[in-house]
Amino acid sequence: MSHFVLEIGTEEIPARFLTSTENELVQRFTTLLNESRLGFDKIEAHSTPRRAILHVFGLEKVQPLHEELVMGPAVSIAFDKEGKLTKAGQGFIRGQGASEENIIRKTTEKGEYIAVNKQTGGKTAEAVLKEICPQIISALPFPKRMRWGEETFAYARPLQWILALFDNLPITFTVGDITSSNQTFGHRIHGAGPFVVGSADDLEDILAAQSKIVCDAQKRRDIIVDKGNMLAAELKEGARIIWEDELLDEVQGLVEIPVPLICSFDESFLELPKEVILTTIEHHQKCFGIQDSSRKLLPKFLTVLNVEPENIEVVREGWERVVRARLEDARFYWKEDLKDGFEKWVEMLDHVIFLGPLGSMGDKSRRLEQLCGWLGEKVDLRGGDHLDNGVLLAQRAGRWCKADLMSKMVGEFDTLQGVMGSIYALKDGWEPPFAMALREQYLPTGPDSMLPMSDLGACVSLADKLDTLVGCFGLGNIPTGTADPYALRRATLGISRILLEFGYEIPLSELFEKAYSYYAPDIKWKLSKEETLEKLLEFCNARLKHYFVGEGSETLVVDAVMNGKNIDGKLESDFVWATEKRLNALKSFMTKDDFTNNAQTLKRMTNILAKAENKLSGIYQAELFENDAEKALATAIDKFVDTFEAKFNTHGYIEIMNSVAELRPLIDAFFENVMVMAEDKKVRENRMNMLYALMSRIGRIADFANLQI
């Protein structure tokens with residue numbers, strides 16, 4: 001078996017593009033090689049800022065021959081009355097590359113048809129690769145593409161070269177203005193090339209030997225971590241690099257030759273908050289902070305070079321000079337902010353637009369003040385010894401939470417919003433729970449990110465997200481497709497996760513209704529209040545379903561639970577925390593041996609109730625019962641209703657489902673001995689109401705019609 005290698009050389013591509021490019025190359029080659037019926041052992045891809053490399057190991061050299069019977073038109077259509085081929089018959093054999101002598105008559109259940117045995121395959125791997133390589137390269141998706149020169153071809157960055165080798169045979173094709181060859185290029189400084197590659201097996205070895213290039217992203221990552229840890233250990237005992245996985249992935253994607261280097265900054269900068277220093281080092285300079293065993297920041301940082309310099313001290317001084325300038329800016333902003341404070345910033349919010357017709361950030365902060373106070377009462381928030389203290393603290397947190405947007409530090413380092421508010425609040429002498437709530441207002445940031453740690457932080461986070469969602473939906477800014485400029489999907493998921501984690505039994509409809517009520521009455525909405533709230537609930541239900549499925553629950557099971565309705569037809573998913581409890585109860589119920597029989601019985605009742613002529617009430621009369629099976633079931637339903645009413649509001653869903661299982665023998669006996677659709681209308685409706693009394697309650701837990709059994 002053989003080895004094919006493809007290398008796409010470019011100008012430096014952003015690090016965030018590399019992993020997706022590797023995945024796309026592997027998936028697309030896998031698909032097209034399978035479609036071409038060319039076997040292979042495995043496919044893998046590597047990348048650096050200047051190259052994407054694909055390896056196909058164990059690639060077959062020739063497609064296997066394949067013979068198939070291709071059916072054509074009916075004999076009556078393919079031949080005329082004189083036995084000559086019609087235009088339809090001629091077109092068929094011409095399309096198959098056959099002749100009249102190759103025609104076979106095939107008798108089927110539908111009649112006699114003509115057919116030909118068609119042989120396919122036999123194409124060489126070289127021919128297949130020449131076809132699919134330009135297709136794949138041209139179709140690779142990127143968030144942004146560019147053109148260069150007079151070319152109409154677009155790619156993430158201008159193409160510089162393409163290498164394609166099948167063992168030692170160059171595969172020649174053209175993409176844009178580049179024709180593939182057996183030449184590669186190395187590092188711009190450590191051996192630029194070009195280098196002729198004799199065999200597909202040699203490419204990465206030649207790059208390593210001639211230019212010291214490390215093509216494998218994981219290897220570059222390991223080199224950075226191993227050498228970085230070694231350099232940190234040489235500083236002092238217990239010193240360690242503050243590795244951030246996301247930053248580490250980005251940094252390894254910025255270099256072809258990873259060379260870690262430790263640099264220093266003046267100790268006086270340690271007067272700045274740790275978060276400020278790390279933001280300066282990590283987000284702006286793509287470097288890593290270093291701390292001691294007590295997690296105290298050291299006046300050091302680790303950078304990763306893409307070159308082995310002749311004079312490393314000159315390079316170190318350059319990095320230190322750049323970081324020093326950034327830290328000087330941060331210190332200036334820090335000192336200026338300490339002169340101002342929250343009172344000034346809160347006033348400044350009135351001069352910053354929140355979102356078009358929705359007023360200023362000052363208007364938003366006043367709405368958050370009211371909404372946080374209401375939430376504080378709903379969750380029985382206690383900021384001190386009395387409830388009022390907690391509510392007042394929540395109100396102040398709502399009013400102040402956006403104030404740090406007006407600080408000079410956040411104006412320069414926008415990723416520190418919320419964080420700086422927390423730090424400045426502590427500086428002003430506010431208790432840690434209040435300061436932490438200002439920081440936690442943006443949590444959670446995704447399905448797996450941290451949640452607020454306190455009820456106060458949860459209230460501020462909920463209020464912020466509820467206010468934004470109501471405002472955006474009221475203006476008709478509803479996410480469609482992948483477009484979500486206001487991160488409303490993330491906000492909705494955040495609300496659901498907080499309700500689930502903290503166990504707040506507040507219906508979504510009430511949360512949105514209250515958030516809407518704090519908007520000024522003169523807002524020029526695009527949607528009515530009713531339509532806004534309806535669309536919000538639909539959106540939240542869709543996101544909650546997506547969350548449960550993402551957590552491993554089956555789609556049909558989630559659908560059944562999400563479609564549970566109360567007697568008024570209102571979705572029970574309005575109560576997010578209870579919805580998860582119902583989901584877990586149904587999943588537990590489904591593990592029982594008799595689940596299928598129980599579910600089929602419930603679905604049978606649902607189907608019968610769908611035939612009801614009038615709206616059912618669930619009230620039935622004992623004097624209309626005609627046999628013992630009917631009476632026995634009615635008695636059992638009466639008992640079940642008592643159990644349901646006692647358990648449902650306390651979330652005893654498992655006990656309710658167990659009671660349902662106990663009812664099944666009586667329901668089966670009822671169906672065997674009783675004709676539900678009796679001719680007598682009163683009897684028929686009485687029996688329907690009896691079943692409805694049962695199913696209207698079970699239907700609050702889940703809609704069993706959604707389950708495929």
Side-chain angles (χ1 to χ4, degrees), residues 1-4 6 23-45 54-141 164 166-167 169 171-175 180 200 554-556 559 596 600 603 607 705-709:
M1 301 296 255
S2 300
H3 177 193
F4 170 69
L6 172 70
N23 293 336
E24 288 288 341
L25 281 170
V26 171
Q27 291 172 9
R28 290 169 184 265
F29 267 93
T30 299
T31 299
L32 289 186
L33 287 175
N34 284 334
E35 289 178 359
S36 301
R37 297 201 304 277
L38 268 181
F40 56 87
D41 291 338
K42 67 174 180 175
I43 298 180
E44 63 183 41
L54 177 104
H55 295 278
V56 183
F57 297 101
L59 181 63
E60 291 180 342
K61 294 186 176 182
V62 181
Q63 289 177 333
L65 292 174
H66 177 71
E67 189 173 273
E68 60 178 329
L69 184 67
V70 181
M71 300 295 292
V75 170
S76 59
I77 296 174
F79 294 98
D80 59 21
K81 294 179 179 180
E82 298 176 356
K84 294 181 180 180
L85 281 173
T86 62
K87 288 185 178 180
Q90 292 172 0
F92 169 68
I93 62 172
R94 184 167 57 250
Q96 302 305 320
S99 62
E100 189 171 351
E101 292 76 24
N102 301 128
I103 291 176
I104 301 171
R105 296 195 179 207
K106 190 75 174 176
T107 301
T108 70
E109 294 179 356
K110 296 181 180 181
E112 191 176 20
Y113 289 76
I114 67 169
V116 295
N117 283 318
K118 184 176 180 180
Q119 192 175 70
T120 59
K123 187 182 290 188
T124 65
E126 177 186 1
V128 172
L129 291 168
K130 280 186 176 183
E131 290 178 6
I132 68 174
C133 285
Q135 293 176 31
I136 291 174
I137 295 172
S138 301
L140 287 175
F166 183 44
D167 288 338
L169 175 67
I171 305 298
T172 306
F173 56 86
T174 300
V175 178
S180 62
E554 293 182 21
T555 302
L556 291 176
D559 280 339
T596 299
Q600 287 175 338
K603 288 187 73 170
N607 294 335
N706 274 100
L707 298 176
Q708 293 182 357
I709 302 170

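Every value quoted in this text rests on a predicted model; they were computed, and no experiment measured them.
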Would you check if [X] and [Y] make a side-chain contact, meaning some heavy-atom pair closer than 4.5 Å?
X: Lys61; Y: Phe166; result: yes
X: Arg28; Y: Leu140; result: yes
X: Val56; Y: His3; result: no
X: Phe173; Y: Leu129; result: no
X: Met71; Y: Lys106; result: yes
X: Lys123; Y: Arg37; result: no
X: Phe92; Y: Ile103; result: no
X: Leu85; Y: Asp80; result: no

Between His55 and Ile43, does a side-chain contact (heavy atoms from CB on, under 4.5 Å) hold up when you go through it step by step? CA-CA 6 Å; His55 295 278; Ile43 298 180; over 6 Å; no
Looking at [X] and [Y], what are the two nearest heavy atoms and their distance?
X: Ser180; Y: Ile171; result: OG-O, 2.6 Å
X: Thr174; Y: Pro134; result: O-CB, 4.1 Å
X: Val26; Y: Ala45; result: CG2-CB, 3.8 Å

Taking salt bridge (charged side-chain N to carboxylate O under 4.0 Å, His left out) as the test, write out the residues that go with Glu554, two or more places apart.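 Once residues adjacent in sequence are excluded, Glu554 has no partner under the salt bridge (charged side-chain N to carboxylate O under 4.0 Å, His left out) criterion.
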Gap between atom [atom2] of [Y] and atom [atom1] of [X] - 0.5 Å precision:
X: Phe29; Y: Ser36; atom1: CZ; atom2: OG; answer: 10.5 Å
X: Leu33; Y: Leu38; atom1: CG; atom2: CG; answer: 6.0 Å
X: Asp41; Y: Leu59; atom1: CG; atom2: CG; answer: 9.0 Å

Quick one: does [X]'s side chain have a donor or acceptor within less than 3.5 Å of a partner on [Y]'s backbone?
X: Glu60; Y: Gly39; value: yes
X: Glu112; Y: Thr108; value: no
X: Thr86; Y: Ile77; value: yes

side-chain contact (heavy atoms from CB on, under 4.5 Å) for Phe4 and Glu126? Distances and angles first, verdict last. CA-CA 10 Å; Phe4 170 69; Glu126 177 186 1; over 6 Å; no
Looking only at side chains, do Asp167 and Ser2 share a donor and an acceptor under 3.5 Å apart?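 Per modelled atom types, Asp167 and Ser2 side chains form a pair under 3.5 Å.
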Hey, are Glu44 and Lys42 close enough for a salt bridge, meaning a charged N less than 4.0 Å from a carboxylate O?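 Yes, Glu44 and Lys42 are salt-bridged.
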